[in-house]
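Read through the structure below, which is laid out as structure tokens, and then see the notes.
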Amino acid sequence: MSTLLIDELFTGVTFEQPIRIQRSCQVGAIRLWIYKNGTLTSGNLTLQVYDGATLLKTASIPYTDINSAVVLDYAHGYIRFDLEPLSLNVSETESYHEYTLKFLMSGYTNDANKYVAVCREWDQNKYTVYDGPIINDSEEPAGIEIYAYRG
């Protein structure tokens, strides 16, 4: 049996995930591994993409779409944020460029029985972890999949 590690996105909570891009790309979508507890009655799951302090893109998924995508009251899986077009660039003088993904619930009324949480990718990470080593599972990165167009 495995354990699901989550960070609840209650009002005022922002989950931040730094990512490093090693070559410029056009991102079409980002999928986030979420846990849904209960049937949501308010709010939008929001993704903000930052380059330093500059907000590059915002995408939101309304609670009704989350309930439709995750029909069970207690379930986890990936949900897709469509970002097309989103250019993430690495300059010629850099070996990588760091961006920050921020996830939050906006317009949400706190309810301990109805919420969305970010799941941590603690088992078989999809991407290389940098600035490691990871001390414990609660510091693992979020379960994220980034879809970019090949050039």
Side-chain angles (χ1 to χ4, degrees), residues 1-23 25-53 55-86 88 96-150:
M1 181 172 183
S2 57
T3 303
L4 192 63
L5 298 172
I6 63 170
D7 286 82
E8 297 93 345
L9 294 177
F10 293 119
T11 300
V13 174
T14 300
F15 185 94
E16 294 187 20
Q17 180 65 61
I19 62 169
R20 285 185 179 172
I21 302 297
Q22 295 176 334
R23 61 184 162 87
C25 60
Q26 296 292 319
V27 176
I30 293 179
R31 292 190 344 143
L32 175 67
W33 184 16
I34 64 167
Y35 169 74
K36 185 185 82 144
N37 191 86
T39 301
L40 302 175
T41 56
S42 66
N44 298 309
L45 178 58
T46 301
L47 163 63
Q48 299 172 329
V49 181
Y50 281 87
D51 182 1
L55 176 62
L56 300 177
K57 189 84 167 184
T58 299
S60 293
I61 303 171
Y63 75 92
T64 52
D65 290 355
I66 296 169
N67 287 335
S68 295
V70 185
V71 295
L72 299 175
D73 283 341
Y74 308 100
H76 62 94
Y78 283 90
I79 195 153
R80 185 182 76 220
F81 293 90
D82 291 317
L83 298 174
E84 186 179 349
L86 174 61
L88 299 182
Y96 65 85
H97 193 84
E98 189 165 296
Y99 293 90
T100 304
L101 307 178
K102 294 183 181 183
F103 300 96
L104 60 125
M105 285 296 289
S106 56
Y108 169 72
T109 303
N110 281 344
D111 187 332
N113 297 310
K114 301 173 186 174
Y115 62 87
V116 170
V118 174
C119 295
R120 297 215 178 234
E121 189 79 72
W122 63 272
D123 187 29
Q124 300 177 359
N125 290 338
K126 290 179 183 68
Y127 304 105
T128 303
V129 175
Y130 58 89
D131 292 340
I134 302 295
I135 296 170
N136 60 51
D137 290 339
S138 66
E139 295 179 356
E140 292 287 353
I144 295 173
E145 295 177 344
I146 300 172
Y147 291 86
Y149 296 102
R150 291 195 179 248

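Keep in mind the model is a prediction, meaning the values are calculated, not measured.
Residue Y74 holds its OH atom at 7.0 Å from OH of Y35, rounded to the nearest 0.5 Å. Residue Q17 holds its CD atom at 8.0 Å from CZ of F103, rounded to the nearest 0.5 Å. Here CG of L83 is found 9.5 Å from OG1 of T58. Values are rounded to the nearest 0.5 Å. With rounding to the nearest 0.5 Å, the separation of CD in Q48 from NZ in K102 is 6.5 Å. Rounded to the nearest 0.5 angstrom, L86 CG and L47 CG are separated by 8.5 Å.
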Show me the donor-acceptor pairs within less than 3.5 Å that the side chains of residues 60-70 make with the rest of the protein, sequence neighbours left out.
{"residue": "S60", "atom": "OG", "partner": "T46", "partner atom": "OG1", "Å": "3.0"}
{"residue": "N67", "atom": "OD1", "partner": "K36", "partner atom": "NZ", "Å": "3.4"}
{"residue": "N67", "atom": "OD1", "partner": "L40", "partner atom": "N", "Å": "3.1"}
{"residue": "N67", "atom": "ND2", "partner": "L40", "partner atom": "O", "Å": "2.8"}
{"residue": "N67", "atom": "ND2", "partner": "Y63", "partner atom": "O", "Å": "3.4"}
{"residue": "S68", "atom": "OG", "partner": "T64", "partner atom": "O", "Å": "3.0"}

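The two residues S42 and M105 make their nearest non-hydrogen contact at O-CE, 4.0 Å. For the pair N37 and N113, the tightest heavy-atom approach, listed with the atom from each and the gap, is ND2-O, 2.9 Å. The two residues F81 and L45 have their closest heavy-atom pair at CE2-O, 3.5 Å. Nearest heavy-atom pair across L72 and A75 is CB-CB, 3.9 Å. Closest heavy-atom contact between K57 and P85: NZ-O, 3.5 Å. The heavy-atom pair separating I144 from Y78 by the smallest distance is N-CE2, 4.4 Å.
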(request) Take L32 and F15 through the test side chain to side chain contact (heavy atoms under 4.5 Å, CB included) and record every step on the way to the result. (result) CA-CA 12 Å; L32 175 67; F15 185 94; over 6 Å; no
(request) Apply side-chain hydrogen bond (donor to acceptor under 3.5 Å, both in side chains) to the pair Y96 and E98, showing each step before the final yes or no. (result) CA-CA 7 Å; Y96 65 85; E98 189 165 296; 5.6 Å; no
(request) Check the pair E16 / Y50 against side-chain hydrogen bond (donor to acceptor under 3.5 Å, both in side chains), numbers first and verdict last. (result) CA-CA 10 Å; E16 294 187 20; Y50 281 87; over 6 Å; no
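Within the 4.5 Å cutoff, the side chain of R120 has no heavy atoms near those of the V118 side chain. The shortest distance between side-chain heavy atoms of L104 and L9 does not fall below 4.5 Å. With contacts defined as side-chain heavy-atom distances shorter than 4.5 Å, the pair Y99/L56 qualifies. At a threshold of 4.5 Å between non-hydrogen side-chain atoms, the residues T41 and T109 do not count as touching. Side-chain contact between I146 and L88: absent, with no pair of heavy atoms (C-beta onward) separated by less than 4.5 Å.
At least one donor-acceptor pair closer than 3.5 Å links the side chain of N110 to the backbone N or O of T11.
By the 6.0 Å contact criterion, CZ on R80 is open, its count of non-hydrogen atoms from other residues, nucleotides or ligands being 12 or less. Atom CD of Q22 has 12 or fewer neighbouring heavy atoms from other residues, nucleotides or ligands inside a 6.0 Å radius.
Between H76 and W33, the two ring planes are tilted [angle within 30° to 60°].
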